[in-house]
Amino acid sequence: MYNDNPTIKFDDKNIDESKQGDAFFQEQVANKAKDSDKKFYIESYGCQMNFSDSEIVASILGDAGYSATRNMEESDLILINTCSIREKAEDTVRKRLRVFDKVKKKKSSTLVGVLGCMAERLKQKLLEEERLVDLVVGPDAYRDLPNLIAGAEDGDKGINVFLSRDETYANINPVRLGSNGVTAFVTITRGCDNMCSFCVVPFTRGRERSRDPFSIAAECTDLFNNGYREVTLLGQNVDSYKWDNPDTEQKCDFSDLLALTAAISPDLRIRFSTSHPKDITDKVMYTMAAHENICNYIHLPVQAGNSEVLKRMNRTYDREWYIDKVKRIYEIIPDCAISSDMIAGFCGETEEQHLETLSVMEIAKYSMSYMFFYSERPNTLAQKKYADDIPLDIKKRRLSEIIHLQNKISKAHNAANVGNIYKVLIEKESKKSADDLAGRTTHNKMCVFPREDAEIGTYVYVKITSSTSATLMGHLVSEEAFLNQ
Ligand code: SAH
Ligand code: SF4
Ligand code: F3S
């Protein structure tokens with residue numbers, strides 16, 4: 001779910017992905033912002049939740065009379081939605097701020113705003129360090145943006161980094177930025193109550209809170225009615241989703257929410273991210289198994305394969321617990337793909353402990369993984385308690401071993417799909433050839449095939465004929481062939 005090579009929203013390089021959704025987005029923002037000619041430009045970095053938040057920001061700004069532009073030079077307001085997860089993520093943001101400085105020097109009325117996790121982490125310090133930044137707004141304060149902008153137009157620097165216990169932006173209808181018009185992300189929880197010792201998220205996103213299930217179902221239904229065919233329910237730990245209605249004693253846990261959204265239409269695919277190994281339940285797995293339109297794919301980050309390291313990471317499960325969870329998933333949903341996140345070179349990690357990360361990868365047979373080396377973050381538990389004592393070259397070597405092994409496992413995972421027929425939701429034209437289309441299988445694997453007369457946004461059946469470690473290749477077959485395989 002994390003993107004270390006952030007997509008720059010409204011950058012022309014990315015337009016190709018988004019023709020349909022883009023029109024939808026432009027129309028939505030244009031409708032909202034009829035009475036004004038003020039323009040904003042936004043870039044997003046970090047996890048999918050940040051991208052989702054930018055869609056909330058776009059909606060709030062649309063209501064305040066701003067329309068979007070892809071051209072930062074012509075904008076009145078440049079926003080950057082930031083990530084603090086690793087040092088590199090923050091370095092990237094600082095580099096972008098240097099570029100915005102240049103624009104601002106040419107046109108001094110342009111306002112520059114820093115949103116998201118870096119705004120929350122650095123607060124006032126960001127205004128002191130970055131003299132040309134006008135606004136610093138944390139993830140729970142986006143409703144205050146119009147106010148803060150008005151103040152900044154009068155020359156007052158604006159800051160709001162208040163973290164809320166109940167803000168879920170439930171009643172805001174996000175404007176789908178740079179979307180393909182087929183797949184969308186819907187936030188179901190905000191914040192995180194876990195305290196993984198390496199992680200900055202609890203500090204930048206605050207306490208966990210769950211969004212009203214009816215507003216989630218309404219948003220998904222609206223997406224479906226607008227042609228979307230897949231939603232990914234988002235949260236730092238979706239399995240701890242929990243909503244109680246004090247008036248009616250109605251309760252909704254994550255598996256209930258899955259069932260609720262899956263019932264919208266059999267033609268609406270449901271995905272979710274991220275699952276925490278300590279919280280995913282049998283009930284969730286049985287709900288997945290019972291609904292064809294809930295995809296057979298679970299992102300279940302392990303972080304490390306050794307129990308002592310996991311303890312220092314404060315992940316609250318050990319190696320055996322994790323392996324048992326994986327076994328349980330394969331028992332209840334035999335045809336499930338599992339992916340993971342791994343951190344190489346956490347504080348005090350020995351060579352033997354690193355080898356246990358490699359062995360857990362082999363046992364879990366991940367279809368893919370996001371892999372990082374440990375980056376110490378200020379004020380986290382790990383920073384306070386443990387020395388960041390693994391030299392960078394060793395962290396990098398261990399990471400490259402992890403990546404190398406994952407490539408091998410992914411290659412075998414994909415090769416095992418050759419000869420099978422999969423139901424694929426078509427998302428876009430293939431990047432390599434306009435004659436080919438691309439979409440994903442239930443396992444979240446990208447699949448490329450000759451277009452014939454298939455259309456983006458529809459389901460097709462594809463027989464897989466070859467594969468690489470990243471992609472499946474095949475050709476269209478009939479539904480009958482799929483059912484009879
Ligand atoms: N809530 C998700 C993860 C969110 S952060 C979960 O619990 O799995 C995404 C990933 O970034 C994490 O899974 C972890 O692998 C990585 N990460 C977080 N903090 C990090 C750090 N300080 N250094 C390196 N990687 C980190
Ligand atoms: Fe960070 Fe852990 Fe929360 Fe994930 S579960 S966001 S890694 S603290
Ligand atoms: Fe996401 Fe980065 Fe914040 S991973 S929650 S944007 S620190």
Side-chain angles (χ1 to χ4, degrees), residues 1-4 6-7 43-54 80-90 92-93 114-122 138-140 163 185 187-208 234-241 272-280 298-305 309-310 312-317 322 338-347 349 357 366 369-384 386 388 390 392 395-396 398-399 402 406:
M1 140 171 177
Y2 182 83
N3 185 358
D4 246 350
T7 311
E43 292 184 5
S44 306
Y45 294 82
C47 66
Q48 209 54 60
M49 303 203 56
N50 244 17
F51 285 78
S52 211
D53 279 2
S54 291
I80 181 161
N81 200 352
T82 61
C83 174
S84 288
I85 201 87
R86 285 167 287 273
E87 203 177 345
K88 194 175 151 227
E90 292 200 353
T92 308
V93 169
V114 179
L115 314 179
C117 292
M118 212 170 147
E120 192 63 50
R121 192 179 85 72
L122 292 165
D140 287 345
L163 280 176
F185 292 90
T187 300
I188 63 162
T189 66
R190 299 182 68 83
C192 184
D193 280 354
N194 295 319
M195 271 286 171
C196 302
S197 62
F198 52 78
C199 186
V200 79
V201 171
F203 305 97
T204 61
R205 292 266 165 179
R207 298 304 296 269
E208 183 184 281
L234 284 183
Q236 292 299 351
N237 178 1
V238 287
D239 301 283
S240 62
Y241 177 87
F272 53 90
S273 192
T274 298
S275 292
H276 195 296
K278 85 171 154 65
D279 293 320
I280 188 167
I298 300 177
H299 186 55
L300 193 76
V302 68
Q303 312 299 358
V309 175
L310 286 168
R312 283 202 295 279
M313 286 180 162
N314 203 23
R315 285 292 285 183
T316 69
Y317 54 84
Y322 185 88
I338 303 177
S339 61
S340 189
D341 295 350
M342 261 85 65
I343 299 177
F346 185 63
C347 311
E349 184 188 68
T357 297
Y366 298 130
S369 291
Y370 299 100
M371 298 156 283
F372 317 97
F373 63 76
Y374 175 57
S375 165
E376 187 180 76
R377 307 310 294 130
N379 297 322
T380 53
L381 289 179
Q383 189 258 331
K384 290 182 182 157
Y386 308 115
D388 179 15
I390 309 299
L392 189 61
K395 282 183 183 171
K396 286 189 172 167
R398 288 183 188 165
L399 176 62
I402 291 173
Q406 184 57 58

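Keep in mind the model is a prediction, meaning the values are calculated, not measured. Whatever order the structure lists ligands and atoms in, that order sets their numbers, starting from 1.
Here the protein heavy atom with the shortest distance to atom 5 (S) of ligand 2 is Asn194 ND2, 3.3 Å. Of all protein heavy atoms, the one lying nearest to atom 2 (Fe) of ligand 2 is Cys196 SG, 2.2 Å. Looking only at heavy atoms of the protein, atom 1 (Fe) of ligand 2 is closest to Cys199 SG, 2.3 Å.
Taking every non-hydrogen atom of Cys117 and a distance limit under 4.0 Å, the qualifying atoms of ligand 3 come out as 3 (Fe), 5 (S), 6 (S), 7 (S). Ligand-side atoms of ligand 1 in range of Arg86: 11 (O), 16 (C), 17 (N), 23 (N), 24 (C), 25 (N), 26 (C), range being under 4.0 angstrom from any heavy atom. Within ligand 2, counting atoms from 1 as listed, the ones closer than 4.0 Å to a heavy atom of Phe198 are 7 (S). Of all the atoms in ligand 2, the ones that sit under 4.0 Å from a non-hydrogen atom of Arg315 are 2 (Fe), 7 (S). The ligand atoms of ligand 3 that sit less than 4.0 angstrom from a heavy atom of Asn50 are 6 (S). Taking every heavy atom of Cys47 and a limit of under 4.0 angstrom, the matching atoms of ligand 3 come to 1 (Fe), 4 (S), 5 (S), 6 (S). Remark: ligand 1 atoms within the under-4.0 Å shell around heavy atoms of Arg377 are 22 (N). Applying the 4.0 Å criterion to heavy atoms of Pro202 picks out, from ligand 2, the atoms 8 (S). Listed by atom number, the atoms of ligand 3 under 4.0 Å from Cys83 heavy atoms are 2 (Fe), 4 (S), 6 (S), 7 (S). Atoms of ligand 1 found under 4.0 Å from any heavy atom of Asp341, numbered from 1 in the order shown, are 9 (C), 10 (C), 12 (C), 13 (O), 15 (O).
Using a 4.5 Å heavy-atom cutoff, the side chains of Pro301 and Thr274 are in contact. Looking only at side-chain heavy atoms (C-beta outward), Val309 and Gln303 stay at 4.5 Å or farther from each other.
Not a single heavy atom of Met49 sits closer than 4.0 Å to an atom of ligand 3. Under the 4.0 angstrom criterion for non-hydrogen atoms, Gln236 is in contact with ligand 3. Residue contact check for ligand 1: Thr274 places a non-hydrogen atom closer than 4.0 Å to it.
Both the backbone and the side chain of Phe198 come within contact range of ligand 1, each with a heavy atom under 4.0 Å. Under 4.0 Å from ligand 2, the heavy atoms of Val201 that appear belong solely to its side chain. Under 4.0 Å from ligand 1, heavy atoms of Ile85 appear from its side chain as well as its backbone. At a 4.0 Å heavy-atom cut-off, ligand 1 touches Arg315 through the side chain alone. Proximity of Phe373 to ligand 1, defined as any heavy-atom pair under 4.0 Å, is confined to the backbone N, CA, C and O atoms. At a heavy-atom cutoff of 4.0 Å, ligand 1 is contacted by the side chain of Gln303 but not by its backbone.
Across every non-hydrogen atom of Val238 and Gly235, the tightest pair is CG1-N, 3.5 Å.
For the atom pair Thr187 OG1 and Gln236 CD, the distance stands at 10.0 Å (nearest 0.5 Å). Rounded to the nearest 0.5 Å, atoms CE (Met342) and CZ (Arg398) are 14.5 Å apart. The distance from atom CG of Asn81 to atom OG of Ser54, rounded to the nearest 0.5 Å, is 4.0 Å. Atom OG1 of Thr189 is separated from atom CG of Asp239 by 9.5 Å, given to the nearest 0.5 angstrom. Interatomic distance, CZ of Arg190 versus CE of Met49, reported as 6.0 Å (0.5 Å rounding).
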Checklist entry - Does the side-chain hydrogen bond (donor to acceptor under 3.5 Å, both in side chains) test come out yes or no for Ser240 and Glu208, once each step is laid out? => result CA-CA 9 Å; Ser240 62; Glu208 183 184 281; 2.7 Å; yes
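Between Arg207 and Asp140 there is no salt bridge, since none of the side-chain N atoms of the basic residue sits less than 4.0 Å from a carboxylate O of the acidic one.
Among Cys199, Ser84, Ala89, Ser44, the residue whose heavy atom lies closest to atom 7 (S) of ligand 3 is Ser84.
For residue Cys192, an N/O/S atom approaches atom 3 (Fe) of ligand 2 to within less than 2.8 Å.
In this structure a side-chain-to-backbone donor-acceptor pair under 3.5 Å is present from Asn314 to Met195. Under the 3.5 Å distance criterion, the side-chain polar atoms of Glu120 are left unmatched by any main-chain donor or acceptor of Gly206. For Tyr366 (side chain) and Leu300 (main-chain N/O), no donor-acceptor pair under 3.5 Å exists by modelled atom type.
Of the N or O atoms in Asn237, none lie within a sub-3.5 Å distance of an N or O in ligand 1. Backbone and side-chain nitrogen or oxygen atoms of Glu376 are examined, and none is located within less than 3.5 angstrom of a nitrogen or oxygen of ligand 1.
Using cut-offs of 30° and 60° on the angle between ring planes, the pair Tyr386 and Phe346 is perpendicular.
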